[in-house]
Number of protein chains: 2
Amino acid sequence: MTLLDGSLRAVAAGAPLFADTLTSQGVPVQPVDWTPPANGDAELAAQLGSLWTSDIDRANAQALQHVLDARQVLVDVRPAGEVIPGLERDMILHAGPPIDWSRMTAPIRAAAVGAMLHEGLAASEQEAETMAARGDVRFEPCHEHQTVGPMAGMTTYSMPVLVVENRTDGNRAYSILNEGLGRVLRYGGLGPDVLERLDWMRRVLGPAMGAALRSVPEGVDLRSLIAQALHMGDECHNRNRAASSLLIKALAGAIAALDSLDAVERRRVLEFAAGNEHFFLNVGMAACKAAMDAADGVPGSSLVTAMARNGTEFGIRVSGLGDRWFTGPSQVPRGLYFAGHSAEDASPDMGDSAITETAGLGGFAMAAAPAIVQFVGGTVTDAIGHTRRMYEITLGESQAYSLPILDFRGTPTGVDVRLVVQTGILPQINTGIASRRAGIGQIGAGLVNPPMACFSSAVQALAQR
Amino acid sequence: MTLLDGSLRAVAAGAPLFADTLTSQGVPVQPVDWTPPANGDAELAAQLGSLWTSDIDRANAQALQHVLDARQVLVDVRPAGEVIPGLERDMILHAGPPIDWSRMTAPIRAAAVGAMLHEGLAASEQEAETMAARGDVRFEPCHEHQTVGPMAGMTTYSMPVLVVENRTDGNRAYSILNEGLGRVLRYGGLGPDVLERLDWMRRVLGPAMGAALRSVPEGVDLRSLIAQALHMGDECHNRNRAASSLLIKALAGAIAALDSLDAVERRRVLEFAAGNEHFFLNVGMAACKAAMDAADGVPGSSLVTAMARNGTEFGIRVSGLGDRWFTGPSQVPRGLYFAGHSAEDASPDMGDSAITETAGLGGFAMAAAPAIVQFVGGTVTDAIGHTRRMYEITLGESQAYSLPILDFRGTPTGVDVRLVVQTGILPQINTGIASRRAGIGQIGAGLVNPPMACFSSAVQALAQR
């Protein structure tokens, strides 16, 4: 602490107690944003210290290269059961780290019930709840099946899923189709309208998109589409207006030419897509999953390959730490609420959509999307600041995705758990906000961070290897 | 002139002779961007001085309000002869101020010849040239027929034109459909491919878009679409990627449902639109024309209602000065050239597309479009600077079109000829660059300004009223 001038103005770094004491005595204090490594935890700091090795740096460079080199192409839409590895008829894939029925929040349970009704696994909400509580259905994370799902993320056997191929590494990733906004299953919305829409998506929308994609020989180049969208004000998590338009533009001709649909359904398919500014979200998520799965399993690497939430816990996975999840309690986002709602109505954060931040988009690319502040709150300067801060915890910069306003610098890509614990800077995530009550749906949008516990326990696990 | 410190560093404002003399003597000089009003022309300065009246301010406020209040809706596509007032079968509408055949440049002549062949007014290029030189066809400015056309702007009787309605003032504006890039009529491209495309546009594309638009009860709200596009990285003159995607999104469902087209043509229509990032340009131009025509004819107003080029001259029209054109020589743009081309190949500036700048878009909205610098040259800082400078010569700020990176400030709107002459700041225009040879087409894109003569002669005319 230093006295700066005659006005006794002080600079306070570290523990806030000092600053608070001075402030209470009427002394002007200038706080600076400095946190000791590992937030002053000596044991964790020692463990972290043991991880700054050239072996880990090399492993990280190798893992990162897989992310940067990914060339994702949207090639098909298929029933989940035909394509998702290990998916069975009695299985429900959900967002985030593993969770059983007893620990699920109300909106997650509502979405699970809706998924069971949609799949014909239960005939009523009551029966579905009983079956789920009894263990008649198996809940497994999407992430463990090359799949990602936004919000509740419920993915079942007959649902149509997007098929994204990573042409560099040959792996595939999957995601359900986006239902639109308002009362929808992924936000825990439940009711006949929700189920009718899901049924139409299974009967008409999914097959139509699949047929259209199979008629486009090269598929849709998602690396290029996302790069364009970032020059068009999207960050591809909470703002997908440009990417959705570009996807519709890429597929409209093929859908208009489908023999399998009559004029009314051709129009409905395209108007459904056009009516949803997040139509692209799930496509982008699958693209990000295809990049991050390619970076998985590099021994020693401290690169984060997944960040995901199940409504109760936030979990991360790390390239060099196998299939383990490192978890902490899920936080309630800070943001803007739709009319009639407030933070008191908000569910803790949920969904696999933080795969976008994991791959250097979303909150990491907010500088691409200044207009998003009208949706999530804050100022344009804040949005640019979020991106700048993320360079401090990432291993590299995208070669595909650039930020015009930062003179075309690549987006910060590849979170290093070491850098998060070292700097105390948490990944910045943009997110939708669900009601904490069942059956309601989205009530706002905002910003959220993972708990530090995810990263410190990953650092411990790396140190103990 | 002031000596600043021991290094004899000088600040030089005004006539460059002083600075040049000092520089030649090895004295470091800091030029500042200051120009005396009317560039030191005492008579013009006196005339300008007589125009700072409350009557003119009131007239300008009234004219500007028409621009700001315009609510433009795309409602139809129709054959030009059915809708454009005063258009006759032997008439060719062109971009820019009036010009006859003898003064047209090679690309403008090539486009006129192509238009005559397309319209069946001549059977060969030779015959068309002879007829045009003999006065068998009448050349009139698009602008004098509620119409705007990009580059050469050739508009003839049977061509399909966009119909844009200004719901506030009830006036309409028209523009041909955009042909795409490469060798196209508007850039003076000529050949069987150009004529075949124009024929298909007349037979298939125009009627399809018309039928689709008539099936959308409310039409396409262009005020809202342009506002969105400005939050998506477009400035809607030289960058229309977002606006084009949004327009396709708005129409795809209706086009997919057309009974009048078979599957192959439905696909071709949508893929033609999707393959052209400037598909929206002509739509936006008609929207701007509909706003600016509403501001025309306010007695005393010094607001610019048109800026347009015919390849030889740049001309402006002013709200309070009737149908007169104030002209000066058209300039060659500064910009980036496609491979194999250079400034030596460039035609002087052409087209009605500067109607976008006249309405506060294009170069005036470059701060919305940082990525455009990859296409027109310069840096992101330059792009933002162009917009900031335009606030100095405009009467107001848009209430519909805002710039996220300037904290959502409205675009600078409504050029005042007084402010241009007072400050010496010329309107900043983004533009495509045509080859100066016939038959070639676009060779680059860049920035250009009108000649000051347009504005000083308008100031003189206002003073002499």
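Note that the structure is predicted; figures quoted are calculated from it, not measured. Below, read A as the first sequence line, B as the second, and so on, with proteins coming before strands; counting in each chain starts at 1.
The closest donor-acceptor contact from the side chain of B/R266 to the backbone of A/A256 lies under 3.5 Å. Looking at A/E357, its side chain does come within 3.5 Å of a backbone N or O of A/N430 through a donor-acceptor pair. The backbone N or O of B/A286 lies less than 3.5 Å from no partner atom in the side chain of B/S175, so there is not a single donor-acceptor pair.
For A/S224, the side chain to side chain donor-acceptor pair (under 3.5 Å) criterion is met by no residue, not counting sequence neighbours.
For the atom pair CD1 of A/I405 and CD1 of B/I405, the computed distance is 3.5 Å after rounding to the nearest 0.5 Å. Atom-to-atom distance recorded for A/L403:CG and A/E397:CD is 9.0 Å, nearest 0.5 angstrom. Note: B/L205 CG to B/D199 CG = 12.0 Å, rounded to the nearest 0.5 Å.
Using non-hydrogen atoms only and a strict 4.5 Å limit, the part of residues 371-384 of chain A facing chain B consists of A/A371, A/V373, A/Q374, A/V380, A/I384. Below 4.5 Å, heavy atoms of chain B meet heavy atoms from A/E277, all part of residues 277-285 of chain A. Contacts from residues 228-237 of chain A to chain B, taken as heavy-atom pairs separated by less than 4.5 Å, involve A/Q228, A/H231, A/M232, A/G233 in sequence order.
The two residues A/A367 and A/T387 make their nearest non-hydrogen contact at N-OG1, 2.9 Å.
The greatest number of non-hydrogen atom pairs below 4.5 Å with chain A, out of B/A368, B/S244, B/A273, B/A254, is found for B/A254. The candidate from A/S402, A/A252, A/A257, A/A250 with the greatest count of non-hydrogen atom pairs under 4.5 Å with chain B is A/A257. Taking chain A as the reference chain and counting heavy-atom pairs below 4.5 Å, the highest number among B/R268, B/E271, B/R241, B/E265 is found for B/R241.
Contact annotation for A/R239: only side-chain heavy atoms (C-beta onward) come within less than 4.5 Å of a heavy atom of chain B. Contacts of A/F272 with chain B are absent, with no heavy-atom separation under 4.5 Å from either backbone or side chain. With a threshold of 4.5 angstrom between heavy atoms, A/I248 approaches chain B through side-chain atoms but not through N, CA, C or O.
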*Decide side chain to side chain contact (heavy atoms under 4.5 Å, CB included) for A/T394 and A/T413; before the verdict, give the C-alpha distance in whole Å, the side-chain angles of both, and the deciding distance to 0.1 Å.*
CA-CA 5 Å; A/T394 44; A/T413 305; 5.6 Å; no
